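Position 1 is the first residue of the sequence; numbering continues from there. What you see is a predicted model, and the numbers here were worked out from it, not measured in a lab.
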Amino acid sequence: MEEKRYMPVNKNAMPEVVQLLDFLYSIQGKYTLTGIHNFASDINRYDQVVDSLTGKTPVIWGSDFSFNALGENQCDFRHCGPLNLTVPGNRTVPCEVLNLSTTQQRQLIVDAAIKKYHEGRIITLMWHCCWPTNGDDCNGDDIWRWADNLPSQEEWDELITDGTELNNLWKKQMDGIAVYLKQLQAAGVPVLWRPFHEMNGVWFWWCNKPGENGFKKLWISMYNYLTDYHKLNNLLWVWNTNAPRNNPGDEAGPYADYYPGSDYVDVLAADVYHADWKQSHHDELVALGKGKIISLGEVGALPSTEVYENQPQWSWFMPWGYFILNSDNVKIAKDIYNHPRSVNLDMIDFSDQTYKLKK
């Protein structure tokens, strides 16, 4: 009996999006696509690192529309790859401020994504987003709020209420991102779009707002604005949580408290850091998705071979750039990227601009 396959939640999704999602269902539970995140300030660096460690080019190519970091503590946020700082994780290059605008760097990302797509890569993009009053340039503390400095209920209500000043500023930010997503749409590039990630944590301004009028409403508003107003039909919507945890001051709540519903999500993802490879992180996401694709949006430590084999529904994994150079990852990267269930670029037939496995 064939497993259930969902169509994209956007009924006007372009054919390339439909085909990509169909490809993901065709490998579901059988194979896992390899990936790596790359940063605008050195866009090819971590592709090259993976190749040097494993002899492979990953299928999933990730990047971040990000922000320009301001303030005396700019370099405290280098880890997330602000657009105007030198690439994180390269110890031979000190943290320096680059005289580059968000416009320049986002265009570089789009140009690279189009090139990678034509090589047969699958593109995933995210967005470390400043609080709307600050546009695209802010102190990193404006994004990493932590539990004691998250938006008040009054601020949150204004943000998610259509037509308010704060809501309009947020839409202006989305207008800016839509410019680049539309370029990708015009080029025929489908995107695994995973904005406002790790919403069940307590660190970003969009975190820790469970319930109907919490993150769920923010997500649905964003989906409607980009889909209905901007007519973006090249996106698969990746709802990207953090693996739940109870670390004091660094908690991540249950998946279900933040799930906007199956009408607004194509892929359910989790980020796994601190080698927190609990089986429940996989199984609970499978149960919530009811047959939808699940993935590892970001990972710090790669899974062990045993974990990899016991959690077969992850459709892709993507180390966060420089984490691939952690000593434990260096030891096992070749085994995981070359594992029989792993799919690298050399296994993809993209000869007719559709994704399929080579025979």
Side-chain angles (χ1 to χ4, degrees), residues 7-14 16-18 21 63-67 102-103 106-107 109-110 113 123-138 142-143 151 153-187 189-200 204-207 209-241 258-269 297:
M7 292 294 290
V9 291
N10 176 3
K11 301 302 184 282
N12 296 314
M14 65 187 198
E16 293 86 348
V17 169
V18 176
L21 186 59
S63 198
D64 181 5
F65 285 131
S66 197
F67 69 108
T102 55
T103 300
R106 288 171 177 170
Q107 189 60 55
I109 290 168
V110 166
I123 307 304
T124 183
L125 295 171
M126 61 176 299
W127 183 22
H128 279 103
C129 174
C130 299
W131 181 246
T133 55
N134 293 314
D136 293 328
D137 305 80
C138 63
D142 189 52
I143 300 174
Q153 191 60 48
E154 183 179 4
E155 288 175 306
W156 186 264
D157 290 343
E158 183 183 354
L159 175 67
I160 61 175
T161 299
D162 197 48
T164 66
E165 182 179 358
L166 189 57
N167 180 263
N168 287 335
L169 288 171
W170 179 47
K171 287 176 181 172
K172 184 178 178 181
Q173 287 178 307
M174 289 193 285
D175 293 340
I177 295 300
V179 168
Y180 302 100
L181 294 173
K182 286 177 180 178
Q183 287 186 43
L184 292 167
Q185 178 165 266
V189 179
V191 177
L192 299 168
W193 173 233
R194 59 179 200 97
F196 298 116
H197 64 305
E198 300 173 358
M199 77 300 293
N200 56 328
F204 300 130
W205 65 254
W206 56 86
C207 284
K209 290 288 189 284
E212 292 300 309
N213 290 312
F215 180 82
K216 178 176 180 177
K217 189 166 183 181
L218 185 81
W219 179 272
I220 293 172
S221 296
M222 173 182 52
Y223 173 86
N224 288 335
Y225 191 66
L226 293 182
T227 303
D228 299 335
Y229 179 77
H230 279 292
K231 309 297 183 188
L232 282 163
N233 300 321
N234 62 324
L235 308 179
L236 283 173
W237 287 80
V238 182
W239 174 74
N240 194 155
T241 66
Y258 298 83
Y259 187 49
S262 61
D263 289 343
Y264 300 95
V265 172
D266 292 303
V267 178
L268 295 80

Quiz item: Is the backbone N or O of Pro190 less than 3.5 Å from a side-chain atom of Glu16, with the two atoms forming a donor-acceptor pair by type?
Solution: no
Quiz item: With distance as the sole test, does Trp239 use its side chain to make a donor-acceptor pair with the main-chain N or O of Trp219 at under 3.5 Å?
Solution: no
Quiz item: Counting N and O atoms only, with roles assigned by atom type, does the side chain of Thr164 sit under 3.5 Å from a partner on the main chain of Asn167, one being a donor and the other an acceptor?
Solution: yes
Self-check item: Partners meeting disulfide (SG to SG under 2.5 Å) with Cys129 (sequence neighbours left out)
Solution: none
Practice problem: Please tell me if the side chains of Phe65 and Val110 come closer than 4.5 Å, counting only heavy atoms from C-beta onward. | Solution: yes
Quiz prompt | Heavy-atom side-chain contact between Pro260 and Val265 under 4.5 Å | solution = yes
Quiz item: Are the side chains of Lys209 and Leu218 in touch, meaning some heavy atoms are under 4.5 Å apart?
Solution: no
Quiz prompt | Pair Leu226-Met174, side chain to side chain contact (heavy atoms under 4.5 Å, CB included): steps then yes or no | solution = CA-CA 8 Å; Leu226 293 182; Met174 289 193 285; 4.3 Å; yes
Quiz prompt | side chain to side chain donor-acceptor pair (under 3.5 Å) partners of Asp263, counting only residues at least two apart | solution = none
Quiz item: Within the side chain of Asp266, is there an N or O that forms a donor-acceptor pair under 3.5 Å with the backbone of Leu21?
Solution: no
Exercise. Find out whether Trp193 and Val238 are in side-chain contact, i.e. whether some heavy atom of one side chain is under 4.5 Å from a heavy atom of the other.
Key: no
Exercise. Using side chain to side chain donor-acceptor pair (under 3.5 Å) as the criterion, list what pairs up with Arg194, not counting sequence neighbours.
Key: Asn240, Glu298
Exercise. State the SG-CD1 distance between Cys138 and Ile143, to the nearest 0.5 angstrom.
Key: 4.0 Å
Exercise. Sequence neighbours left out, what pairs pass salt bridge (charged side-chain N to carboxylate O under 4.0 Å, His left out) with at least one residue falling in residues 159-170?
Key: Asp162-Lys171
Practice problem: Kindly assign one of parallel, tilted or perpendicular to the pair Phe196 and Trp127, based on the angle between their ring planes and the thresholds 30° and 60°. | Solution: tilted
Practice problem: State the NZ-CD distance between Lys231 and Gln185, to the nearest 0.5 angstrom. | Solution: 11.0 Å
Practice problem: Answer whether the closest heavy-atom distance between the side chains of Leu125 and Ile109 falls below 4.5 Å. | Solution: yes
Quiz item: Do the ring centers of Tyr264 and Trp237 come within less than 6.0 Å of each other?
Solution: no
Exercise. Kindly say whether Leu181 contributes a backbone atom to a donor-acceptor pair with the side chain of Asn234 at under 3.5 angstrom?
Key: yes
Quiz item: Is the side chain of Thr124 donor-acceptor paired with the backbone N or O of Leu192 at a distance under 3.5 Å, no angle test?
Solution: yes
Quiz item: Is the side chain of Asn233 donor-acceptor paired with the backbone N or O of Met14 at a distance under 3.5 Å, no angle test?
Solution: no
Self-check item: Pairing residues for Glu212 by the salt bridge (Lys or Arg N to Asp or Glu O under 4.0 Å) criterion, not counting sequence neighbours
Solution: Lys216
Quiz prompt | Considering all heavy atoms, the nearest Asp64-Met126 contact | solution = OD1-O, 3.4 Å
Quiz prompt | Qualifying residue for ring pair (Phe, Tyr, Trp, His ring centres under 6.0 Å) with Trp205, from Trp170, Phe67, Trp131 | solution = Trp131
Self-check item: Any side-chain heavy-atom pair of Asn224 and Thr227 under 4.5 Å
Solution: no
Quiz item: Any side-chain heavy-atom pair from Pro195 and Met222 closer than 4.5 angstrom?
Solution: yes
Quiz item: Hey, does Tyr223 have a side-chain heavy atom less than 4.5 Å from the side chain of Asn10?
Solution: yes
Practice problem: Please name all residues satisfying side chain to side chain donor-acceptor pair (under 3.5 Å) with Asp175, sequence neighbours left out, ordered by chain then number. | Solution: Tyr225, His230
